[in-house]
Amino acid sequence: MWDDLWTGANLATMAAAGAENAASAPPYGAIAEAALAVDGGRIAFAGPAADLPGAPASLARRVHEAGGAWITPGLVDCHTHLVYGGDRAREFELRLNGASYEEVAKAGGGIRYTVEQTRAASEDELYAQALPRLNDLLAEGVTTLEIKSGYGLSLEHELKMLRVARRLGESAPVTVKTTFLGAHALPPEFDRRPEDYVDAVIAMLPEIAGSGLADAVDGFCERIAFYPEQIARVFSAAEAAGLPVKLHADQLSDLKGAALAARFNALSADHLEYTGEDGVRAMALMGTVAVLLPGAFYVLHETKMPPVEAFRRAGVPIALATDSNPGSSPVTSLLLILNMGCTLFRLTPEEALAGVTRNGARALGMQETHGTLEAGKAADFVLWDISHPAELAYRIGHNPCRQVVKDGMIVRGG
Ligand code: DI6
Ligand code: FE
């Protein structure tokens, strides 16, 4: 007997088509008149109801009639800065009065302002501030998300942020992957001493890794942050500490961040508006996921498109994420990001959905266990009141999430 069985559903399994049947595979890996079974927190069956080995009531302890709902994998938001102190509404206003993002950063505003606020906040305060943002994401079917540090910029405050991120994952029905982003910005006490700060980040790494609080290491590779040579030093130390890396790359200029990430076998390179053909090739070669962040593109009035067509041609997996952060992407809606991925970056709705399921999971190194509806994977999925999966990217400001199942438990909706 299975624990639970959903019948009367349409599945968007988002399973990757094998090379041999890529051409004939249905869009979204869709299965109509389908059933989905859960046992012990994992998917036990995902396929046509006609293939069930018996009558539903004889197969599971609980049978749920989905009434034609679409079921997708639980959504994955693979790049967020959800934990931080304060907000940047004032900076938003400044920028609209003419200051550029780079000017704001140079004037000690921007990230540095958030660093001040984050350092001043207690763990409980940071938790309380992040919780409503987390709840926004969960309400739209997010079951896995990544949270970066990077507003503490000292061992004490980076660890504090990472503890808050872990606590969010323990207190809510969501898997949280944490990322140490010590190389995010130069803290004020290291003014004009970037190499010294890079040394300090490297010195933090053994303890960060030893604490078990970080699942990966990230950096911000940009003229207003850290140069490729500095990031390479941090990545070598991450490697030595046994942590995988990922990179904020080529967001504002082409510093060859994508190729650098690929060289270190990064899980992903993120942003990528200015990535050139060389970067695309390097990523394709290493299987690095391209994480596109249309929220930041939108907020910063960026006009340079990431090389989406080149990624497609090279077979680079494309993920989409909120980049939820107080400065460049104060976004807590992954469904809005699906829409932006389509309207701003011209992804197809299917590519966009793959970006927040299969490829989002891949960007977190979780592709074996998450991101698609396949027997054996974690039973993380969402029932939607929609008549076609393209609706998830099409509508703006509407949340059709009916029910969320996390590790086999119904955690939202009856
Ligand atoms: N790139 C971004 O878009 C954010 N961080 C980063 O490395 C911006 C973070 C902020 O402005 O607070
Ligand atoms: Fe970011």
Side-chain angles (χ1 to χ4, degrees), residues 3-6 9-16 28-31 34-46 64 66 69-80 82 133-147 168-177 289 291 319-322 324 332-338 341 350 352-386 389 391-393 399-414:
D3 290 336
D4 290 271
L5 174 63
W6 277 260
N10 298 291
L11 305 185
T13 68
M14 304 312 290
Y28 303 94
I31 304 173
L36 184 64
V38 169
D39 197 51
R42 286 167 188 263
I43 295 172
F45 177 94
H64 313 266
W70 276 85
I71 305 184
T72 69
L75 303 191
V76 179
D77 190 354
C78 68
H79 178 142
T80 88
L82 210 68
R133 295 191 280 266
L134 177 66
N135 284 331
D136 286 349
L137 293 173
L138 298 190
E140 290 184 349
V142 169
T143 53
T144 298
L145 89 152
E146 184 253 19
I147 302 178
L168 288 166
E170 281 153 14
S171 64
V174 62
T175 300
V176 171
K177 287 281 192 176
V289 178
V291 177
L320 279 176
T322 60
S324 189
T332 51
S333 167
L334 196 52
L335 290 179
L336 175 60
I337 293 299
L338 279 184
E350 185 185 1
L353 189 56
V356 298
T357 55
R358 184 177 72 242
N359 292 339
R362 183 175 203 92
L364 297 177
M366 298 170 74
Q367 65 272 21
E368 301 301 329
T369 52
H370 292 75
T372 64
L373 300 178
E374 291 176 279
K377 285 201 170 179
D380 288 6
F381 54 86
V382 186
L383 277 75
W384 305 95
D385 286 316
I386 54 175
E391 268 181 61
L392 294 177
N399 181 7
C401 175
R402 184 204 292 183
Q403 190 173 66
V404 179
V405 176
K406 173 69 187 165
D407 291 324
M409 310 267 281
I410 298 173
V411 294
R412 183 175 296 270

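Since the model is a prediction, treat every value here as computed from it, not as a measurement. Position 1 is the first residue of the sequence; numbering continues from there.
For Phe381 and Trp6, the gap between ring centers is short of 6.0 Å.
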Start with the C-alpha gap between Thr144 and Lys406, add the side-chain angles, then the distance that decides, and say whether side-chain contact (heavy atoms from CB on, under 4.5 Å) holds. CA-CA 9 Å; Thr144 298; Lys406 173 69 187 165; 4.1 Å; yes
Can you check side-chain contact (heavy atoms from CB on, under 4.5 Å) on Lys177 and Leu145, steps first, answer last? CA-CA 6 Å; Lys177 287 281 192 176; Leu145 89 152; over 6 Å; no
Any chance you could lay out the side-chain contact (heavy atoms from CB on, under 4.5 Å) test for Asn10 and Ile71, step after step, and finish with the verdict? CA-CA 6 Å; Asn10 298 291; Ile71 305 184; over 6 Å; no
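Looking at every heavy atom in both residues, Gly371 comes nearest to Pro73 through O-CG, 3.5 Å. The minimum heavy-atom distance linking Ala44 with Ala375 is given by the pair O-CB, 3.9 Å. Looking at every heavy atom in both residues, Val382 comes nearest to Val404 through CG1-CG2, 4.4 Å. Nearest heavy-atom pair, Gly40 versus Asp3, reported as atom, atom and distance to 0.1 Å: N-OD2, 2.9 Å. The two atoms that bring Met366 and Thr175 nearest to each other are CE-CG2, 4.0 Å, heavy atoms only. In plain terms, the two heavy atoms of Val291 and Ala321 that are nearest each other are CG1-CB, 4.1 Å.
Taking OG1 from Thr332 and CG from Leu134, the interatomic distance works out to 10.0 Å, rounded to the nearest 0.5 Å. To the nearest 0.5 Å, atoms CG (Leu373) and CG (Leu11) are separated by 6.0 Å. Atom CG of Leu75 sits about 11.0 Å away from atom CG of Leu320, to the nearest 0.5 Å. The distance from the CG atom of Leu392 to the OG1 atom of Thr357 is 10.0 Å, given to the nearest 0.5 Å. Distance OG1/Thr13 to CZ/Arg358: 8.5 Å, rounded to 0.5 Å. Expressed to the nearest 0.5 Å, how far CG of Leu138 lies from OG1 of Thr143 amounts to 9.0 Å.
With a 4.5 Å cut-off on side-chain heavy atoms, Thr322 and His79 do not count as touching. Residues Trp384 and Asn399 meet the side-chain proximity criterion, which asks for heavy atoms closer than 4.5 Å. At a threshold of 4.5 Å between non-hydrogen side-chain atoms, the residues Ile43 and Leu36 count as touching. Counting heavy atoms from C-beta on, the side chains of His64 and Leu5 never come closer than 4.5 Å. Annotation: side chain of Pro389 is not in contact with side chain of Thr72 (no heavy-atom distance under 4.5 Å).
Heavy-atom neighbours of Arg42 CZ from other residues, nucleotides or ligands within 6.0 Å: at or below the threshold of 12.
Side-chain N or O atoms of Arg133 include one that pairs as donor or acceptor with a backbone N or O of Leu82 at under 3.5 Å. Side-chain atoms of Glu140 never come within 3.5 Å of backbone atoms of Ser333 as a donor-acceptor pair (strictly under, hydrogens ignored). Remark: the backbone N or O of Ala66 is paired with a side-chain donor or acceptor of Arg402 at under 3.5 angstrom. Under the 3.5 Å distance criterion, the side-chain polar atoms of Glu350 are matched with a main-chain donor or acceptor of Tyr28.
Checking each of Asp77, Val289, Val76 against Leu364 for a side chain to side chain contact (heavy atoms under 4.5 Å, CB included) leaves exactly one that passes, namely Val76.
Judged purely by distance below 3.5 Å, without hydrogens or angles, the side chains of Lys377 and Thr372 pair a donor atom with an acceptor atom.
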